[in-house]
Amino acid sequence: MADFADTRRFEPAEVEPQVMQRWRDSGLFHGAAQGSSSANYSIAIPPPNVTGALHMGHALNGSIQDTLIRFHRMRGQNTEWILGTDHAGIATQIQVEKRLIEEGSSREELGREAFVERVWQWREEFGGTIIEQLGRLGASCDYERERFTLDAGYERAVRQVFCDLYEDGAIYRDQYLVNWDPGSRSAISDVEVEEREVTDTLFEIAYPLTDGSGEVVVATVRPETMLGDSAVAVNPSDERFAGLIGKRVKLPLTDRELEIIADDYVKTDFGTGALKITPAHDPNDFEIGRRHGLEEIIVIGEDGAMTELAGNFAGLTAAEAQVAVVAALREQGLLRGEEPYTHAVPFSHRSGERIEPLVSLQWFIKMDELAPPAIEAVNDGRVKIHPASQSKRYTDWLEEIRPWCISRQLWWGHRLPVWYRDEETYVGIEAPEGDGWVREEDVLDTWFSSALWPFATLGWPDKTPEYEAFYPTDVLSTARDILFLWVARMVMMGLRFTGEVPFSDVYVHSVIQAPDGRRMSKSLGTGIDPITEIDEHGADAVRFGLLAMSSTQDVRYSRERVEQGQALANKLFNASRFVLLNVGDEVGLEPVVGVGAPVEDRWIVSRLQQVVAETTEQIEQFEFSKAALGLYDFVYGELCDWYLELIKGREFDDQLAATACYVLRSTLALAHPFIPFVTEQLWEAVPGSDGLLIGAPFPLPDEALIDPEAGRRVGDLIVAVTALRSWRSGANVKPGAQIGARINSAALNADAALIARLVRLDLGVFTGDATDSIVVPGGTVEISAGDAIDVEAHRRERTQRRSALEGEIARAEGKLANESFVAKAPADLVAGEQAKLDRLRVELAALDA
RNA sequence: GGGCGGUUAGCUCAGCUGGUUAGAGCACCUGCUUUACACGCAGGGGGUCAUCGGUUCGAAUCCGAUACCGCCCA
């Protein structure tokens with residue numbers, strides 16, 4: 001412990017590593033695998049990407065989860081914060097591939113086995129970064145039970161789930177249109193796609209009717225896909241084409257003919273009103289094609305090049321083919337128009353390349369059986385989403401869910417437990433017996449394994465002690481964008497495989513934006529590194545700041561809030577210092593607040609009970625911002641500004657020492673879940689503390705210590721002192737000057753000495769000639785020190801005050817003169833208005849006296 | 001195109017089951033080596049609560065419209 005006499009400031013950088021080490025050594029981060037999950041408290045961290053580094057979202061989410069975990073641990077529950085990382089298929093594979101390319105190699109050159117080995121090496125070397133960074137934040141997760149979504153045990157859970165769903169008939173293989181990412185050469189999910197505005201050229205192309213009676217003109221931004229057209233569609237209500245439905249056209253550049261079909265999807269006011277249908281290369285065309293049983297002709301391959309089916313254009317890239325097709329059409333005189341066209345185009349969030357929609361053979365999970373129970377779980381309250389407004393987004397998404405494409409053409413990930421031999425397909429946890437079996441090359445979507453996180457981390461499908469003790473978990477805290485991607489899938493998988501919801505509460509936190517309102521991102525250069533912020537302001541400050549600035553909507557990063565947290569840590573440090581420099585090593589453990597105890601002791605102990613009750617409720621309601629700011633208000637606005645100032649005039653006897661240390665210990669314990677480092681350090685130094693604060697009980701409010709009379713008295717005292725200080729300031733009285741005064745107020749008599757000390761009044765030298773009179777609760781304070789007053793300043797102040805009072809009086813009089821108000825407003829409100837008016841009139845009269 | 005959210009002090013945000021003199025942090029002004037803290041203390045200035053209309057005795061708060069900003073879905 002630092003020597004308090006010499007240290008005037010809290011130094012986070014010195015304290016944090018030592019305190020973190022004491023916590024780790026205590027073993028309290030590691031929940032005991034015993035007891036029931038209903039009695040225990042557990043949170044599964046949303047596993048960060050193993051390639052990742054801590055960003056503000058992680059820091060906020062870590063602060064939230066740690067506050068919850070520490071709160072419940074202090075409340076005596078056996079707690080477990082399940083920690084680990086996600087193998088992040090595409091992101092990790094790309095990361096390692098980049099290195100190989102730098103080395104002049106490639107994954108193809110290495111071969112699958114050596115490549116995967118290389119990724120594991122990479123993970124060994126760099127995969128621990130984000131876990132270490134969480135430690136800097138003070139996160140009290142279970143570092144001993146760290147899990148990885150590719151662990152051997154985890155892999156077994158994944159295979160089990162795959163096989164069970166396959167046996168259910170929920171997993172199947174099909175030709176389907178997927179979002180093909182040419183960059184990562186894999187299918188990716190809808191949520192990994194982002195739409196961007198792009199200006200393309202809209203080409204109009206003539207398709208001649210086979211009966212020679214004319215032509216149909218279609219509009220498209222992808223002329224090269226016409227080689228895969230299998231129909232032309234028009235809206236059935238479109239008069240322009242009424243006679244053409246059922247007729248045939250010749251598809252230019254090929255020797256094929258297409259039928260003109262009718263489908264409601266076609267918009268009559270877009271383009272020419274006639275739509276070329278390419279089922280294998282456009283999502284909408286795919287739907288129409290399936291409705292009409294059209295052929296799916298694949299003309300663009302997975303390598304982004306035109307296939308054999310593209311005839312003369314085979315081998316060209318899609319872009320080259322577009323140029324060639326347009327040229328050929330122009331030559332044949334079939335190009336009817338071209339104009340710039342701006343529209344939203346899908347791009348891969350992973351590789352940044354433009355998505356090529358194409359039909360390929362993929363594995364899918366049907367959602368028909370899985371989604372309804374997950375909707376039900378939220379509707380009936382087994383899973384509560386906070387804030388509740390997010391529930392609708394969750395259920396809306398699940399209600400419209402489509403089959404989930406789970407195969408990815410990657411090497412890094414869970415390889416599907418599927419084997420082929422000629423026409424046979426085998427699905428099983430272990431490889432099939434016999435020769436000639438070839439294993440499926442594809443791996444599973446990373447989210448497939450992540451969806452099992454809350455139970456696969458605990459040893460499922462075995463009923464391990466960890467599983468029994470901590471599943472289902474209690475809370476899942478996450479950002480909004482993960483609500484579908486992950487939360488919904490966890491609920492579906494949890495219900496299907498464990499029969500229980502994986503958590504009872506979902507807390508959806510703010511997204512922290514850059515101070516200018518843009519997204520925080522590395523590529524934009526708008527990111528702020530939480531570790532830098534911790535280095536500069538301390539982990540407590542960053543935690544407090546993030547919690548204080550967060551809300552139910554997105555917020556801009558506010559360094560001022562972090563600095564507020566830093567100030568709070570320092571304030572607590574110095575408040576403790578003040579008490580500790582005045583008490584000995586041995587103090588009584590209970591506050592002394594019975595009859596006859598000083599009013600300020602009774603008051604602060606009473607207020608503490610109320611603040612503890614409020615903070616407890618706010619944590620339970622996930623109102624972290626209110627809790628953090630409420631704590632700040634208590635420490636600054638009550639403990640330091642008033643209580644510590646009020647006791648400065650007293651001798652630190654045993655009673656005061658016991659009470660002050662009790663208040664200090666309770667405040668440190670109350671603040672610990674939010675700002676753990678400074679509170680832990682101070683706890684050790686306060687007499688009466690036992691063991692580490694992280695393992696100490698959270699304060700329980702004691703009704704018996706709530707003291708309304710003390711509350712009224714100190715409340716009046718504060719109003720009086722504030723009024724008198726304001727008067728002194730307005731009258732330009734020298735700060736040090738003692739002013740002769742007499743207090744005429746029954747409400748304040750008992751506490752006159754305290755008031756006199758705080759305002760530097762000399763109650764003994766009142767001359768009897770009042771030079772001024774100040775309204776205070778229950779009466780007035782008369783002042784008799786004319787010399788000390790700056791007459792000019794005083795007059796200005798009074799003039800200003802008078803006009804303010806007159807304005808308020810007029811307003812109150814107006815209200816009370818309004819018959820409707822008196823008749824219709826609640827009686828106590830009217831009475832309150834009258835009382836206010838009376839008070840204001842008294843004050844105005846005193847001003848004029 | 002559909003849905004949701006926002007617009008309150010110079011900045012970042014609370015308040016929004018209708019009734020307070022509309023708050024906080026930071027910034028700003030004045031004063032202060034006051035028996036912990038200048039990462040401090042005391043006092044103070046600053047807001048027609050986006051705009052327009054409605055409901056009501058009473059609207060930052062409820063309803064409708066408009067403008068601008070943002071997010072999600074198609």
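Just so we're clear, the structure is a prediction, and the values are computed from it rather than from any experiment. In what follows, every chain begins at residue 1, and chains take the letters A, B, ... in the order their sequences are listed.
Residue Phe544(A) is out of contact with every strand shown, counting any heavy-atom pair closer than 4.0 Å. Here Leu829(A) lies in heavy-atom contact (under 4.0 Å) with a base. Contacts of Lys392(A) with the nucleic acid, taken as non-hydrogen atoms under 4.0 Å apart, are absent. Residue Val511(A) is classed as having no contact, given no heavy-atom separation below 4.0 Å to the nucleic acid. Across all strands shown, Ser576(A) has no heavy atoms under 4.0 Å from either base or sugar-phosphate atoms. Residue contacts shown for Asp633(A) are absent, as no nucleic acid heavy atom lies under 4.0 Å away.
Proximity note for Ser729(A) (side chain, C-beta onward) versus A24(B), G43(B), U20(B): the nearest is G43(B). If you check C41(B), C39(B), A24(B) against the side chain of Lys571(A), the one that comes closest is C41(B). The side chain of Arg725(A) has G43(B) as its nearest neighbour among G43(B), G25(B), A36(B). Checking A14(B), C57(B), C39(B) against the side-chain heavy atoms of Ala825(A) singles out C57(B) as nearest. Side-chain proximity of Gln564(A) to U21(B), A24(B), A36(B): nearest is A24(B).
Within the cation-pi definition used here (under 6.0 Å to the ring centroid, within 45° of the axis), Lys648(A) qualifies as a partner of Phe578(A).
A salt bridge between Arg402(A) and Glu287(A) is present, with a side-chain N of the basic residue lying under 4.0 Å from a carboxylate O of the acidic one. Between Asp772(A) and Arg798(A) there is a salt bridge, since a side-chain N of the basic residue sits under 4.0 Å from a carboxylate O of the acidic one. Comment: Lys836(A) does not engage Glu808(A) in a salt bridge, judged by the lack of any side-chain N to carboxylate O separation of less than 4.0 angstrom.
A straight line from CD of Glu797(A) to C1' of U30(B) spans 12 Å, rounded to a whole angstrom. In this structure, CG of Asn284(A) is placed 18 Å from P of G1(B), rounded to the nearest angstrom. A straight line from CZ of Arg839(A) to P of U21(B) spans 9 Å, rounded to a whole angstrom. Rounded to a whole Å, the CD atom of Glu560(A) is 12 Å from the P atom of C28(B). To the nearest angstrom, P of G40(B) lies 15 Å from CZ of Phe573(A). Rounded to a whole Å, the CG atom of Asn582(A) is 12 Å from the P atom of C37(B). The separation between Arg728(A) atom CZ and G43(B) atom P is 12 Å, rounded to whole Å. Following rounding to the nearest Å, Leu758(A) (CG) and G43(B) (P) show an atom-to-atom distance of 11 Å.
Aromatic ring centres of Phe624(A) and Phe674(A): separated by at least 6.0 Å.
Taken from CG in Asp540(A) to CD in Glu680(A), the straight-line distance is 11.0 Å, to the nearest 0.5 Å. Distance check: Met492(A) CE to Arg489(A) CZ gives 6.5 Å after rounding to the nearest 0.5 Å.
A gap of 15 Å separates the P atoms of G64(B) and U55(B), to the nearest Å. Comparing C28(B) with U66(B), their C1' atoms sit 36 Å apart, to the nearest whole Å. For the C1' atom pair drawn from C63(B) and A27(B), the interatomic distance equals 38 Å after rounding to whole Å. Only the C1' atoms considered, G3(B) is 24 Å distant from U61(B), to the nearest whole Å. Spacing between C16(B) and U8(B) at atom C1', rounded to whole Å, works out to 11 Å. When the P atom is used for both A59(B) and U20(B), the distance is 10 Å, rounded to whole Å. For the P atoms, the distance linking C52(B) with G5(B) amounts to 24 Å, nearest Å. With P as the reference atom, U21(B) and U12(B) are 29 Å apart, rounded to whole Å.
Close to A14(B), at under 4.0 Å from its OP1 or OP2, lies a side-chain N or O of Ser551(A). At C37(B), one or more side-chain N or O atoms of Arg8(A) fall inside 4.0 Å of OP1 or OP2 (strictly under the cut-off). An OP1 or OP2 oxygen of G44(B) is reached within less than 4.0 angstrom by a side-chain nitrogen or oxygen of Ser726(A). An OP1 or OP2 oxygen of U56(B) is reached within less than 4.0 angstrom by no side-chain nitrogen or oxygen of Lys824(A).
Ring geometry, His794(A) versus Trp727(A): the interplanar angle exceeds 60°, so the pair is classed perpendicular (tilted spans 30 to 60°).
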Ring pair (Phe, Tyr, Trp, His ring centres under 6.0 Å), that's the test. Do His386(A) and Tyr507(A) meet it? Break it down for me. CA-CA 5 Å; His386(A) 312 267; Tyr507(A) 177 66; 7.2 Å; no
Dot-bracket pairing map - RNA chain B, Watson-Crick plus G-U, both contacts under 3.5 Å, | cross-strand: ((((((((.[[[[.)...(...]]]].(((((.......))))).....[[[[[..)....]]]]]))))))).
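The base of A14(B) lies outside donor-acceptor range of the side chain of Lys626(A), with no N or O pair under 3.5 Å. Counting distance only, with no hydrogens placed and no angle test, the side-chain atoms of Glu645(A) and the base atoms of A42(B) include no donor-acceptor pair under 3.5 Å. The base of A36(B) has none of its N or O atoms less than 3.5 Å from a complementary donor or acceptor on the side chain of Arg9(A).
For the pair Asn574(A) (side chain) and Arg577(A) (backbone), a donor-acceptor distance under 3.5 Å is absent.
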